[in-house]
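Right, one structure below, let's go through it.
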Protein chains: 4
Amino acid sequence: MINRTAFPIRRHKQARPQELLDAALSLFIEKGFAAARIDEIAARAGVCKGTLYLYFDSKEDLLKALIAQRFSSRVAISLHETTDVRASPDMLRELIATWQSEFVAGEAGGIVNLLFTEARNFPVLANFWMREVITPTRLLVSRIVKHGIERAEFRAVDPDIVVDALVLPLIAACLHRHAIAPYSTLDAVPCGHADFNGYFEFVLEGLMDRPADSSQSPNRITA
Amino acid sequence: MINRTAFPIRRHKQARPQELLDAALSLFIEKGFAAARIDEIAARAGVCKGTLYLYFDSKEDLLKALIAQRFSSRVAISLHETTDVRASPDMLRELIATWQSEFVAGEAGGIVNLLFTEARNFPVLANFWMREVITPTRLLVSRIVKHGIERAEFRAVDPDIVVDALVLPLIAACLHRHAIAPYSTLDAVPCGHADFNGYFEFVLEGLMDRPADSSQSPNRITA
Amino acid sequence: MINRTAFPIRRHKQARPQELLDAALSLFIEKGFAAARIDEIAARAGVCKGTLYLYFDSKEDLLKALIAQRFSSRVAISLHETTDVRASPDMLRELIATWQSEFVAGEAGGIVNLLFTEARNFPVLANFWMREVITPTRLLVSRIVKHGIERAEFRAVDPDIVVDALVLPLIAACLHRHAIAPYSTLDAVPCGHADFNGYFEFVLEGLMDRPADSSQSPNRITA
Amino acid sequence: MINRTAFPIRRHKQARPQELLDAALSLFIEKGFAAARIDEIAARAGVCKGTLYLYFDSKEDLLKALIAQRFSSRVAISLHETTDVRASPDMLRELIATWQSEFVAGEAGGIVNLLFTEARNFPVLANFWMREVITPTRLLVSRIVKHGIERAEFRAVDPDIVVDALVLPLIAACLHRHAIAPYSTLDAVPCGHADFNGYFEFVLEGLMDRPADSSQSPNRITA
DNA sequence: CATGAATGAGGGTTCATTCAT
DNA sequence: TATGAATGAACCCTCATTCAT
């Protein structure tokens, strides 16, 4: 049908599985798992339907492979790596910036949205989200906060509350960005700032025992 | 088979459409739109499959009717009602408590989750969410904050940031509660406190120009 | 497509399952389980593909239902019923005649052939054949023979050998009739006589201690 | 990948077709024609799937080649060879023993089972069975019996009946052994004696005009 | 109005066959 | 000659929708 012969047909290709995974991920994100058609995934990867089954046992297997690859490696490991680093407000700032750029602004958030959408049908996703993402992230932020409190940089607040203040808005912004924004014509009012810098400083100020000179805050409005 | 009409068990026929809508909503929330079976919706409403089509043209029509009825009226109106009330920190406290009890702790959050899940296939849901929920809520919170700043109760911060701090965690907690928690075996570490009181006080303290005596804060940890 | 409307469409029909079973059996016998198409079974029963799944869970379920119905009831029970009857050579004669007319001459043998063909893929069939058909049949014949020996009507031979002599040829003839004969153009030489009377008398004569006057035997050839 | 030709492990290329035929036959016997996978046949022959198509046009072609080679030559010829031998009871005894050991006890019966199973789809198999196996076998046995009757060793019975008595149980036992026994857990009661000696003597005794001293029969039970 | 048996398009999956290397 | 990745027709099964009763 399609002029395959016009371009050199790529065979014996080791990259096939990855192409299929990429195609599957993009379609799962676009349409959801159930609505994504095997034919379309294969077509997007430039192969026909049967070829997909040379590399993956089933549609569900595609999703599981995606989880194993995209989450367990990239996301989780990148978080664990920072676990040992010395805690500091700058670390928090950096962590939030990374999350924001990757999950809210970037496309990785599509996976998070997929995860929330499909957790019902694939409970392994729910467990993965808790074990590999939420738990280590909350732990990391919690440690930094405790460290700050011990060194008297921060007020003595319940660290879990600070974790909520830092992590939950990012999740909400991520889900809004990928589940709502693309389909709404009314996104003039953003849900969650494109740039969380201001938000982070606000939380940090709330952590400081004495906002020495709050006029320095970039969030201050000079009426 | 049996002449059920002989018994007064049969509800008024006028209630039929509403029973079907209720059944549809509960199943959409439980299983998602795609996975909800017409047979099961009809069965839950106490009628047979064919009867459903006397009242609704299609499965999609069911969801659209639900949107028109449940979303546009109940949820939105309850929020609008509070719009005109005089702004104050207590109002914020109350607003957050209402949200928390209804959407995070209660079952109404299932609708929010459905909304996020199906916005892709039914963009009207995305628009509804923005127009009827997010925009008025943010506007309301924003007014209260501005009012507080004008009266010098609050520091002069960007009101949108406070809105983010108050609204986004509630959304994240709501979605976590309904999309992740029921399917995860690892919810020992909650995502978002069951009770947002502590969180709210933390944000409020961050809003105060001088946390005069922060030892009054319930979040303070007495080392 | 087909002028369904020409004939009154039969709906609400309780006979549907049986019509489907009949259609399935005839196609399984004709083509084997694997080669029988669900579409064709449904068409032969006068319904469309999906209708079949209102009554049976799967293609395999069709076969299992057939086994339960055709084997466990008709064949097995008819054999068990005769278990208590008083043993006699006439009983043997009758038993063999019944088998011959039903399994060799009649269509029931198609089921036996199906059973031999599909036992590999559905071991339950092999067990059923042994438990419900072979074991009780051999037991019955064995009892009759033992009874005859005790009453000195028969020579004292190993009953199992007589069972072999009576049962195995019937099985072979049945399988030949349904697996080979319809597809061979060379069946001029039959494999197993159409009528087992002569064969039975031959075996019976072999059982008699003294073929008193073998000239009475119908098998005797007067050279 | 690895240059296998560097090692003498690679068989002569001329042997390739035969290796494929052997692999195909063994798989056809094990799983049946339809369930045997081309991939597995090729793998068992030590080549890859595509190579098979260098030697055979299709899966069906494989079976046809097998028929031409294995069935028409080996089996049939071995039977024809005995056709000319002088008839005698000992010949019958030997013939039955050969059949028993080869087709019932041995693996050659798998071919017979394959033949019965696939005759429907490949009528040439049915014709082969009749022309090359059944007809000559029955003819041979018939001749021996007639010879015995002429020499007054046997009673004057219809030779076809004796053929049935001798041939059909072997066929039934063969098919039972290969189609039922491997898949049944209830083979405690055998269908057809493992050793047909007793059976043969029983038939032979029935053939004798006067079982002069039947106490010599090994089948006699000494009550 | 209400029923529920029937429909049939469309999905995921298998596997004999092909063909560029 | 040999490979094995790719193909795609055909299968079983699902389920929203229809319609005779």
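Throughout, a chain's letter reflects where its sequence line sits, starting with A, and its residues are numbered from 1.
Of the candidates F/dA2, E/dA2, E/dA5, E/dA2 carries the atom nearest the B/Thr51 side chain, counting heavy atoms from C-beta on. Of the candidates E/dC1, F/dA9, E/dT17, the closest approach to any side-chain atom of A/Lys49 belongs to F/dA9. Comparing F/dC12, F/dA5, E/dT18 against the side chain of D/Tyr53 picks out E/dT18 as the nearest.
In this structure, B/Leu63 atom CG and F/dA16 atom P are separated by 14 Å, rounded to whole Å. In this structure, C/Ile41 atom CD1 and F/dC12 atom P are separated by 8 Å, rounded to whole Å. Rounded to whole Å, atom P of F/dA5 lies 14 Å from atom CZ of A/Phe56. A straight line from CG of B/Asp61 to P of F/dA16 spans 15 Å, rounded to a whole angstrom. Here the C1' atom of nucleotide F/dA5 and the CG atom of A/Leu20 are 12 Å apart, to the nearest Å.
Nucleotides of DNA chain E nearest to D/Ser58 and A/Lys59 differ in position, and the one nearer the 5' end is that of A/Lys59. Place C/Glu60 and A/Gly50 on DNA chain F by their nearest nucleotides, and A/Gly50 ends up nearer the 5' end. Nearest-nucleotide assignment on DNA chain E puts the 5′-proximal partner with C/Leu54, out of C/Leu54 and D/Asp57.
Looking at A/Thr117, its side chain does come within 3.5 Å of a backbone N or O of A/Asn113 through a donor-acceptor pair. For the pair A/Lys59 (side chain) and A/Ala34 (backbone), a donor-acceptor distance under 3.5 Å is present. A distance-only check finds no donor-acceptor pair linking the side chain of C/Thr51 to the backbone of C/Val47 [under 3.5 Å].
Between C/Phe116 and C/Val112 there is a side-chain heavy-atom pair separated by less than 4.5 Å. Residues A/Ser58 and A/Asp61 are in side-chain contact: their nearest non-hydrogen atoms beyond the backbone lie under 4.5 Å apart.
A salt bridge does not link C/Glu19 with C/Arg44: every distance from a Lys NZ or Arg NE/NH1/NH2 to an Asp or Glu carboxylate oxygen is 4.0 Å or more.
The phosphate of E/dA2 has OP1 or OP2 within less than 4.0 Å of a side-chain N or O from B/Arg16. For the pair D/Tyr55 and F/dT1, the criterion of a side-chain N or O lying under 4.0 Å from OP1 or OP2 is not met.
Within residues 24-40 of chain C, the residues that have a heavy atom under 4.0 Å from DNA chain F are, in order of number, C/Ala36, C/Arg37, C/Ile38, C/Asp39.
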Item checked: Evaluation steps, salt bridge (charged side-chain N to carboxylate O under 4.0 Å, His left out), between B/Glu30 and A/Arg120 -> CA-CA 9 Å; B/Glu30 277 176 37; A/Arg120 173 163 38 207; over 6 Å; no
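The ring pair (Phe, Tyr, Trp, His ring centres under 6.0 Å) search around D/Phe33 returns D/Phe28, D/Phe122, not counting sequence neighbours.
Each of A/Leu27, A/Leu21, A/Ile67 was scored for a side chain to side chain contact (heavy atoms under 4.5 Å, CB included) with A/Leu62, with one residue passing: A/Leu21.
When base pairs are accepted only as Watson-Crick or G-U wobble with both N-N or N-O distances under 3.5 Å, DNA chain F takes part in stems of 3 or more pairs at E:2-21 with F:2-21.
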